[in-house]
Asks: 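I have a structure here, written as structure tokens, and I will follow up with some questions on it.
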Amino acid sequence: MPSPYIPNTDQDCATMLRDIGAGSIDELFQDIPAPFRDVPFHLPPPLTELELREKLNRRSRQNASLDNYACFLGAGYYRHFVPGVIGHITGRSEFYTAYTPYQAEASQGILQAIYEYQSLVCQLAGMEISNAGMYDGSSAAAEAALMAGRITGRKNVAVLSSVNPRYREVIGTYGRGQDLTIHELPPDFKGMPNESACLVVQQPNFFGYFEEVKRCAEIAHGAGALLVVIFDPISLGLFPPPGSYGADIAVAEGQPLGNPLNFGGPGLGIFTCRQEHLRQMPGRVVGRTTDAEGQTGFVLTMATREQHIRRERATSNICTNEALVALAATVYLAAMGKSGLRRAAELCYHKAHYTAEAISKLKGYSLAFKQPFFKEFVIRCPQSPEKINRILLKEKIIGGLDVSHLVDNGMLLCVTEMNSRQEIDRLVSALRAL
Amino acid sequence: MPSPYIPNTDQDCATMLRDIGAGSIDELFQDIPAPFRDVPFHLPPPLTELELREKLNRRSRQNASLDNYACFLGAGYYRHFVPGVIGHITGRSEFYTAYTPYQAEASQGILQAIYEYQSLVCQLAGMEISNAGMYDGSSAAAEAALMAGRITGRKNVAVLSSVNPRYREVIGTYGRGQDLTIHELPPDFKGMPNESACLVVQQPNFFGYFEEVKRCAEIAHGAGALLVVIFDPISLGLFPPPGSYGADIAVAEGQPLGNPLNFGGPGLGIFTCRQEHLRQMPGRVVGRTTDAEGQTGFVLTMATREQHIRRERATSNICTNEALVALAATVYLAAMGKSGLRRAAELCYHKAHYTAEAISKLKGYSLAFKQPFFKEFVIRCPQSPEKINRILLKEKIIGGLDVSHLVDNGMLLCVTEMNSRQEIDRLVSALRAL
Amino acid sequence: MKKNKHYLLPDISRPGKVGCQLPELDVPAAELPPREKLRQELTLPEVSEAELVRHFTSLSRRNYGVDTGFYPLGSCTMKYNPKWHEDIARFPGFQDIHPYQPADTVPGALQLMFELQELLAEITGLDATSLTPMAGAQGELAGLLMVRAYHRSRGEDRRRKILVPDSAHGTNPATAAMCGFEVKTIPSNGDGNLDLKSLVSLMNEESAALTLTMPTTLGLFDPRIAEISAIVHERGGLLIGDGANLNSLLGKVKFGDLGFDCVQLNLHKTFSTPHGGGGPGSGPVCVKAGLADFLPSLLVAKDKKRYQFTSPPITIGRLGAACGNFGVMVKAYTYIHSLGAEGLKEVSENAVLNANYIKEKLKPYYHLPYDRTCMHEVVFSGKKQKARGVATLDIAKRLLDYGFHPPTVYFPQVVEEAIMIEPTETESKETLDAFIEAMIEIAREAEQNPELLHHAPHNTPVRRLDEANAARKPNLRWKMK
Amino acid sequence: MKKNKHYLLPDISRPGKVGCQLPELDVPAAELPPREKLRQELTLPEVSEAELVRHFTSLSRRNYGVDTGFYPLGSCTMKYNPKWHEDIARFPGFQDIHPYQPADTVPGALQLMFELQELLAEITGLDATSLTPMAGAQGELAGLLMVRAYHRSRGEDRRRKILVPDSAHGTNPATAAMCGFEVKTIPSNGDGNLDLKSLVSLMNEESAALTLTMPTTLGLFDPRIAEISAIVHERGGLLIGDGANLNSLLGKVKFGDLGFDCVQLNLHKTFSTPHGGGGPGSGPVCVKAGLADFLPSLLVAKDKKRYQFTSPPITIGRLGAACGNFGVMVKAYTYIHSLGAEGLKEVSENAVLNANYIKEKLKPYYHLPYDRTCMHEVVFSGKKQKARGVATLDIAKRLLDYGFHPPTVYFPQVVEEAIMIEPTETESKETLDAFIEAMIEIAREAEQNPELLHHAPHNTPVRRLDEANAARKPNLRWKMK
Ligand SMILES: Cc1ncc(COP(=O)(O)O)c(C=O)c1O
Ligand SMILES: Cc1ncc(COP(=O)(O)O)c(C=O)c1O
């Protein structure tokens, strides 16, 4: 059976085998001890493009795709507006069929795009330098903790309990390898554990409200620890960037910057820090240089920090990252520009507050926290959030995250510019009708 | 309000006006008599991308999109398989954001693609030359009749009554301008009307079955008329091409070659003919040539036939055609190749016959014609096809075309490689259960 | 990056390769007709998907589009078209529907068409629209077939002449001829306006209509439009517009108010649907009420919230087997909704501003035959340069070296060595300035180094192509065995 | 076509421009926090959509991808990836779903993940899979964290050394270090196989595991794999595979049969999901039953036709906030279904055939350190050319002039001036022949005209770039005010 993906014809194979001097393909596999070779594989029979398109179209239609629902779920992954232009650019095959740009002269496009990404992310976060991106926000946070450990030579890591629990778990996973001890601090913490490498805070925090980050910075720095901030990139259209309140390392999940949800992946770990920590920074970085004729060009640089040069003494093992997602974020930030990003943040802010107010006026519902918030907030419900969500679903509404294990009957709701007033009003009526 | 599509800033406008020496934009419109200027336009308020995406997503979801239905509707527009690779190529913006390739040196891509299109279409139809494409199959047929009139200097056009009625209508519309008289001939016609420019036949015909085209060719040629054949490009994977039985002009709807239905447009008018008629051929044509250094290159050529040079003595008024659809057809034919196109035709043939046989065994149903057919056939139903279709719809089946005005309770069904056995069996059961 | 190698599909075809695979037959095979009734030989290229993609990707990289750079092709309105419109046109509910589906399975599509008919009627100030024509020239055809039917319906079948300005686009006279009319050319006067005396003398009881592009193909608005309209109408004729230049009037002026009875629009130009390397287009016709019954079928009608296709009572007939280029309509509809009335006005204002800016900046270097305010485009003449042996074609080819697509050249034919520049509103002042700079530089080169221009372009994938030879010995296809 | 002008986003930014517009607020505005709690200044570029598109389109045209041409980057498996996989990954029901939606609103996605877990287990011959790791290196991390947890669970926490062959990819030792292990390097022997004596001497009660890439990064299959496995296991260690080279074993050989306890796969290489210019990837880990309880969370479990996320009882924990790179999984799933068992076997057979063909053809021109049958890739050494003053880097850069992406160079480090060529099965003999011809031509140039190579590339958008200076004075961003 000829395959669209294997262009060698039988004739080609025969010629090539002859030129190689092999009697058969099998001869090429002689190094593999016979008992291991050509064992049976129990796999489904091959299907053609036509069949698989149909099968997977049906399969995908079983999922409640959010373009057909009102969605109030956030908690780290957000449905923000994705301008159509982004897909057209990430869909340029010169970008998406390339490998990591090891050969700079053939890769100026992606290299410059990453350089622009690094620049835009620094502008956004108010930080000095950025790498080319990591896997996701949580692993970036974990790498930040590891980096703080390397910089300070300390083994304790303090994390506020208001940090996204999943992020705390990932910090724990990575920390275990380095024998870091993770300390969970309450929101009203007064001081740092002894010999802490860093304090990790999330702004706005998992429950959606703003931390007193300046106080955190003072306490952390006072104890010789670094401040690691996990930020919401969209919030920075309206609220102060981590660089402005003393973050030494600032990380984020970059998915909201022009990327669909994709069931949570691929995402993008934004990773920024102070210039002085460059040599301890994990991940790839692109630098500007010149060519033999003096023209500007871009290259991967500072590779001596990385695993492929420094091996076991590298700053991280990361190799493949999320370049295409970073490209999307680059186009997003350029498309929105300063006014667009501010507008996005404002829309989120006002719509979330409109929603929160309307719900908290309903009998039996109340806001769990009174601190200022951005686009997420926890509502205490009159019954279990899980039950409520099941009822909302019938109205084509995906409700908020059930956080009843953290807040009594708590539901973490998220409202973005994607939620029209009509959707919000539908949610409120549905909750009222419950 | 800044617009993403108008890059001039207020500052730019002011500078430009100053450089022009105009006090205001209005001054630039002074040639327009005042009463006509700046009249009110009653249009809906502007919506952003976010809002329009939502609105039109909702609007599009109101339509029964055929990827979610079993569809047995054909009659000139066909749901054949569209390999995904096509969209990726027509989506290359260098192609789709270009104009007609008037400046050859900057347009080698589209020019070569059209040259390949012309070549592929000739190979497919067994004809000598092809133009770069026309609006759709029906207008190509009409232009063929006009061209036959020019070549023969005659004003009568004979059209078999088994030609798609919509095509006959379009030939009529175009013919009226040239004062052609259209004669409808029955399938068993014996001779041509006097002084006929051409005989137009469809193979396979509107009802799906094969005409005796050799006999048609003999009669037409015997009367000094040209034979114009309307063909189904997919059928040519299995059945003889018009060039093999004496077609002087052969036209087709090219949509089935790798294009979605798009509610009937854009389509593609394939237009091929004998070499000797080149100078009477309507539409654009690309030729191969060399550049100043002897390299191969491609240009629009034979333009002296066309309206932009020859004006009222042109072979047609056509200017914009369907280049991007022709590009899709080019990629389709190259992707399928000889074995793929044959397979497509075979699948249609066998599935259609399986369906016809199963239905004609049902009580009350019978095949209306006994001639050999390709992928379409007319079923005589026990009740009105319209009613049957309404019932099928509830089972998520789009039935065949109601041709009860031509055949008693007749329904024209179409089966292609897109109809799985399961779909066909569903149709048959639904008809049985009626 | 690649060395300039040249392949055609047969060059990369090898027996046994395949670019797409279809499923196995899942029903019992039927009997095939006897062998002699089957195709004996089918020869098509055989390539893998990877080779196919590389082939066409490489071709695309040898092509210039609006996304590559400035494309000031006069009369063609080569705007940048919003990318997301493409996405919307590809929604399955728009793309995967059949034109003959029952109306109640496609209410969304029909509503969109109905509303677009109304929107275009409002924008043109006319009463009814048919969306059927598949490009501008077919819209013209619809218009002139209606003119013929109209006069015939009034017993005035003798009106068999169409008056066409000498500056008109080739489709205008060609369409008239296709509709069985005789073409009478009306010259332009010294200002580039229609010569009224000629109009008066030619507009008689044998004349069916004047077809007028407005603004004209010289990029000018004829200020005596009301007089022109009066002359035509008083003498029993119709005033037919070629709306291809609507981009300068959008949201500012209505064709209906100017006296036009019928106008075709080029959605693929004005309404921001990319041109596809030569199509598809869409050329709706809008008409005054008196012509509405003649409109080509199909129309979409609304009947108590239900939408359905209808045919006008005395329609000139069908122009195609379906209902026009729906895929293009979706984008135009989106465009109008995205801009609204104010937005459309900004479009025309900026289009006109940009054209006049180029006009003023290049006037010192290139001959400007009509030195007055222009609309969306400006027509220069290369005759100053021609006098020094540099043809307009040389200038055009040299622009390619500067990374710009050339303007339209040698059209309109009434201007010697015409250079017709239409920047559109989607270009920024920075781009215009860079283009202006290149044009000035080329004017300098034409004086100092004409040879350089004669041999341009120098930086393109191929050098100047031999068009004469292509026409002399037509090679219009490859053959494969 | 364009003259080589160089712009960065700030160069094309102008105050007041905008590339995307969001709607007006449709609810009453809430009170904002006091001004000092708001952001004072936000500086981002301001560009229109058209300028944005031209900027990035032009960047794309300065980039080389698989769709542009041959990309024989060793160890990276740069296959051509079917285009339609991209379409499927973009179905709204796959793309527009939230990782925390209730399980019964995403049964299709969960089923796909569940089945992919099973498919990968079958392909590797192992018992359980976690799809969570987001790239190969994170899969390695998962593997070695499991190794640590495993030994700890058996009270063998003293096993803190990981044995790593000298030819290993940098991620292997780096990962070991991240997991708190000490790295012990095992040399290769003269045949390119693992030095068994060293293994025996290093594999002791302090050693936790051997991490082995199979076939090795020299492109060779170590025929003594059974012995290696026995040595490691007898001494209480685990055999951990780096599955990045699976492309040569697909459908032929199972890691589980070879004795591996755990292996990470690189879906973005072997399973045909394009590499995105550096990512996203996906690096599932497959393990034998004894390690299954340690797998990173989340897994998808099936319980009477219902699918849901679960966490293994003594999981090493989460590696990310969601469930891995689902978008990549969709493509890998599609790929496996599209090929089936026979198809996968053809993949590895053709990958191996292509590599050996290149090996034989280039052997006379380039030094081949291990002259034996290779698997999916072949490693040459440029030392012949080096002796004449031409570095492997010069050869690589010169290939760019011939329109080819260079192979991996200077890796594996155990080969002097390494040139590591991995053609993959998606390349045709014609392409291989053209590449071989270019390599031979370059070998000739290296003798006759070394200068040409020192200054290569000549035909790229930029000439050879100064990497040393980039590292010396890092300029890692632009600044805008
Ligand atoms: C002024 C004018 N009229 C008519 C047309 C014909 O339109 P189309 O190419 O869509 O048929 C054009 C396009 O070239 C034009 O510029
Ligand atoms: C042999 C080998 N192991 C591991 C890796 C790391 O995989 P990833 O880049 O997906 O993290 C690579 C990729 O470069 C590789 O080639």
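Proteins come first, then strands; the chains are lettered A, B, ... in the order of their sequence lines, and each starts at number 1.
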Asks: Identify which one of B:F36, B:F29, B:F41 satisfies the side-chain contact (heavy atoms from CB on, under 4.5 Å) criterion when paired with C:V253.
Replies: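 The passing option is B:F36.
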
Asks: Side-chain contact test, heavy atoms from C-beta onward, threshold under 4.5 Å: evaluate it for C:L112 versus B:L56 and give yes or no.
Replies: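 Of all side-chain heavy-atom pairs linking B:L56 with C:L112, at least one is under 4.5 Å.
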
Asks: Closest heavy-atom contact between C:Y71 and B:Y99?
Replies: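 Residues C:Y71 and B:Y99, closest heavy atoms: OH-N, 3.0 Å.
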
Asks: State whether a side-chain donor-acceptor pair under 3.5 Å links B:Q123 with C:K479.
Replies: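 No, because no side-chain N or O of B:Q123 sits under 3.5 Å from a partner of the opposite role on C:K479.
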
Asks: Side chain, backbone, both or neither: which part of B:L236 has a non-hydrogen atom closer than 4.5 Å to chain C?
Replies: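 Both parts, backbone and side chain.
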
Asks: Between B:F95 and chain C, which part of the residue has a heavy atom less than 4.5 Å away: side chain, backbone, both or neither?
Replies: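 For B:F95, heavy atoms of backbone and side chain both lie under 4.5 Å from chain C.
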
Asks: What are the two closest heavy atoms between C:P274 and B:T97, and how far apart are they?
Replies: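 So the two residues come closest at CB-CA, 4.4 Å.
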
Asks: What pair of heavy atoms forms the shortest contact from C:N63 to B:A98, and how long is it?
Replies: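 Scanning both residues completely, I find the closest heavy atoms to be ND2-CB, 3.6 Å.
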
Asks: So, C:K252 and B:D38, do they make that salt bridge, N to O below 4.0 Å?
Replies: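 Yes.
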
Asks: Can you confirm whether B:S60 sits close enough to C:I97 that some side-chain heavy atom of one is under 4.5 Å from a side-chain heavy atom of the other?
Replies: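 B:S60 does not reach C:I97 side chain to side chain.
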
Asks: Taking the side chain as every heavy atom from C-beta outward, state whether B:Q62 and C:Q111 have any pair of such atoms under 4.5 Å apart.
Replies: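 In contact.
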
Asks: Quick check against the 3.5 Å criterion: does B:Q108 have a side-chain atom that pairs as donor or acceptor with the backbone of C:R62?
Replies: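 No.
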
Asks: For B:L278, which atoms come within 4.5 Å of any heavy atom of chain C: side chain, backbone, both, or neither?
Replies: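 Interface part for B:L278: side chain.
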
Asks: Top residue by heavy-atom pair count (under 4.5 Å) with chain B, among C:G65, C:G19, C:P99?
Replies: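 When all of C:G65, C:G19, C:P99 are compared, C:P99 has the most.
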
Asks: Looking at every non-hydrogen atom in both residues, tell me the closest pair between C:A177 and B:Q178 and how far apart they are.
Replies: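 For C:A177 versus B:Q178, the nearest heavy atoms are O-NE2, 3.0 Å.
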
Asks: Start with the C-alpha distance between B:N8 and C:N354, add both sets of side-chain angles, then the distance that settles side chain to side chain donor-acceptor pair (under 3.5 Å), and finish with yes or no.
Replies: CA-CA 9 Å; B:N8 286 337; C:N354 282 356; 3.0 Å; yes

Asks: For B:Y115 and C:L8: C-alpha separation, side-chain torsions, deciding distance, then whether side-chain contact (heavy atoms from CB on, under 4.5 Å) applies.
Replies: CA-CA 9 Å; B:Y115 180 84; C:L8 283 159; 4.0 Å; yes

Asks: Working to the nearest 0.5 angstrom, can you tell me the gap between C:I316 CD1 and B:R176 CZ?
Replies: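 Rounded to the nearest 0.5 Å, the CD1-CZ separation comes out at 8.0 Å.
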
Asks: Is a side-chain donor or acceptor of C:H98 paired with a backbone partner of B:Y77 at a separation under 3.5 angstrom?
Replies: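 Yes; judged by distance alone, with no hydrogens or angles, the pair exists.
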
Asks: Please classify the contact of B:T301 with chain C as side chain, backbone, both or neither, using a heavy-atom distance under 4.5 Å.
Replies: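 Side chain only.
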
Asks: Using non-hydrogen atoms and a 4.5 Å limit, figure out which bit of B:S420 sits close to chain C: side chain, backbone, both or neither.
Replies: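 Both backbone and side chain.
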
Asks: With heavy-atom distances below 4.5 Å as the criterion, would you say the side chains of C:C20 and B:F81 are in contact?
Replies: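 Result yes, sub-4.5 Å side-chain heavy-atom pair found.
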
Asks: Please check this pair: side chain of C:R318 against backbone of B:R166, looking for a donor-acceptor N/O pair closer than 3.5 Å.
Replies: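 No, C:R318 side chain to B:R166 backbone: no donor-acceptor pair under 3.5 Å.
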
Asks: Going by side chain to side chain donor-acceptor pair (under 3.5 Å), name the residues that satisfy it together with C:E46, two or more places apart in sequence or in a different chain.
Replies: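 Partners of C:E46 by the side chain to side chain donor-acceptor pair (under 3.5 Å) criterion come out as none, since no residue qualifies.
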
Asks: Judged by atom type as modelled, is there a donor-acceptor pair below 3.5 Å linking the side chain of C:R372 to the main-chain atoms of B:D31?
Replies: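 Checked: no pair found.
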
Asks: Do the side chains of B:P266 and C:N325 get nearer than 4.5 Å, heavy atoms only?
Replies: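 With C-beta onward as the side chain, the pair touches.
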
Asks: For chain B, which candidate among C:G281, C:P28, C:P474, C:A176 shows the most heavy-atom pairs at distances under 4.5 Å?
Replies: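 Result: the option with the highest number of such pairs is C:P28.
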
Asks: Side chain, backbone, both or neither: which part of B:R343 has an atom under 4.5 Å from a heavy atom of chain C?
Replies: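 Contact with chain C is through both the backbone and side chain of B:R343.
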
Asks: What's the separation between atom CZ in B:F298 and atom CG in C:L59, rounded to the nearest 0.5 Å?
Replies: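 So the gap between those two atoms works out to 8.5 Å.
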
Asks: Output the option from C:L42, C:T57, C:V47 having the highest count of non-hydrogen pairs under 4.5 Å with chain B.
Replies: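 The candidate making the most pairs under 4.5 Å is C:L42.
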
Asks: Restricting to non-hydrogen atoms, name the atom on B:I318 and the atom on C:A137 that form the minimum distance, rounded to 0.1 Å.
Replies: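 Minimum heavy-atom contact is CA-CB, 4.4 Å.
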
Asks: When you measure from the side chain of B:N262 to the backbone of C:G327, do you find a donor-acceptor pair of N or O atoms at a distance under 3.5 Å?
Replies: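 Flag not set: sc B:N262 to bb C:G327 has no pair under 3.5 Å.
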
Asks: Any side-chain heavy atom of C:R39 sitting closer than 4.5 Å to one from B:L238?
Replies: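 Answer no - side chains too far apart.
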
Asks: Nearest heavy-atom pair of B:T320 and C:P280: which atoms, and what distance?
Replies: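 Here B:T320 and C:P280 meet closest at CG2-C, 4.3 Å.
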
Asks: Between B:E116 and C:L9, is there a donor-acceptor pair closer than 3.5 Å when you use the side chain of the first and the backbone of the second?
Replies: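 Yes: the side chain of B:E116 pairs with the backbone of C:L9.
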
Asks: Quick one: do C:W478 and B:Q118 satisfy side chain to side chain donor-acceptor pair (under 3.5 Å)? Show the steps, please.
Replies: CA-CA 8 Å; C:W478 43 251; B:Q118 292 169 181; over 6 Å; no

Asks: For B:V299, which atoms come within 4.5 Å of any heavy atom of chain C: side chain, backbone, both, or neither?
Replies: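 Interface part for B:V299: side chain.
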
Asks: Pairing donors with acceptors under 3.5 angstrom, does anything connect the side chains of C:Y64 and B:E105?
Replies: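 Absent: no donor and acceptor within the cut-off.
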
Asks: Any side-chain heavy atom of B:Q30 within less than 4.5 Å of one from C:T373?
Replies: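 They are not in side-chain contact.
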
Asks: Run the side chain to side chain donor-acceptor pair (under 3.5 Å) test against B:T15 and tell me which residues pass, sequence neighbours left out.
Replies: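 B:T15 satisfies side chain to side chain donor-acceptor pair (under 3.5 Å) with B:Q11 once adjacent residues are dropped.
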
Asks: For B:L124, is it the side chain, the backbone, both or neither that has a heavy atom under 4.5 Å from a heavy atom of chain C?
Replies: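 B:L124 touches chain C through backbone and side-chain heavy atoms alike.
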
Asks: Decide yes or no for B:D19 and C:K361: does some side-chain heavy atom of the first lie under 4.5 Å from some side-chain heavy atom of the second?
Replies: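 Yes; the side chains approach each other to less than 4.5 Å.
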
Asks: What part of B:A314 gets closer than 4.5 Å to chain C, counting heavy atoms only: side chain, backbone, both or neither?
Replies: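 Contact with chain C: side chain only.
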
Asks: Tell me, side chain or backbone of C:P33 under 4.5 Å from chain B's heavy atoms, or both, or neither?
Replies: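 Answer is both: backbone and side chain atoms of C:P33 are under 4.5 Å from chain B.
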
Asks: Could you measure the distance from the CG atom of C:N469 to the CZ atom of B:R288? Nearest 0.5 Å is fine.
Replies: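 Reported to 0.5 Å precision, the distance equals 12.5 Å.
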
Asks: Non-hydrogen atoms of chain C under 4.5 Å away: do they reach the side chain of B:N389, the backbone, both or neither?
Replies: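 Nothing of B:N389, per the 4.5 Å heavy-atom cut-off to chain C.
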
Asks: Heavy-atom cut-off 4.5 Å, strictly under: side chain, backbone, both or neither for B:S130 against chain C?
Replies: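 Neither; nothing under 4.5 Å.
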
Asks: Identify which part of B:R79 has an atom lying under 4.5 Å from any heavy atom of chain C, answering side chain, backbone, both or neither.
Replies: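 Contact with chain C: side chain only.
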
Asks: At a heavy-atom separation under 4.5 Å, does B:S119 approach chain C through its side chain, its backbone, both, or neither?
Replies: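 Both parts, backbone and side chain.
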
Asks: Sort B:L28 into side chain, backbone, both or neither according to what part of it lies under 4.5 angstrom from a heavy atom of chain C.
Replies: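 Contact with chain C: backbone and side chain both.
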
Asks: Can you tell me if B:R421 uses its side chain to pair, donor with acceptor, with the backbone of C:D26 under 3.5 Å?
Replies: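 Checked: pair present.
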
Asks: Ignoring hydrogens and angles, state whether a donor on the side chain of C:D67 or B:Y96 is under 3.5 Å from an acceptor on the partner side chain.
Replies: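 On atom types as modelled, these side chains do not qualify, holding no pair under 3.5 Å.
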
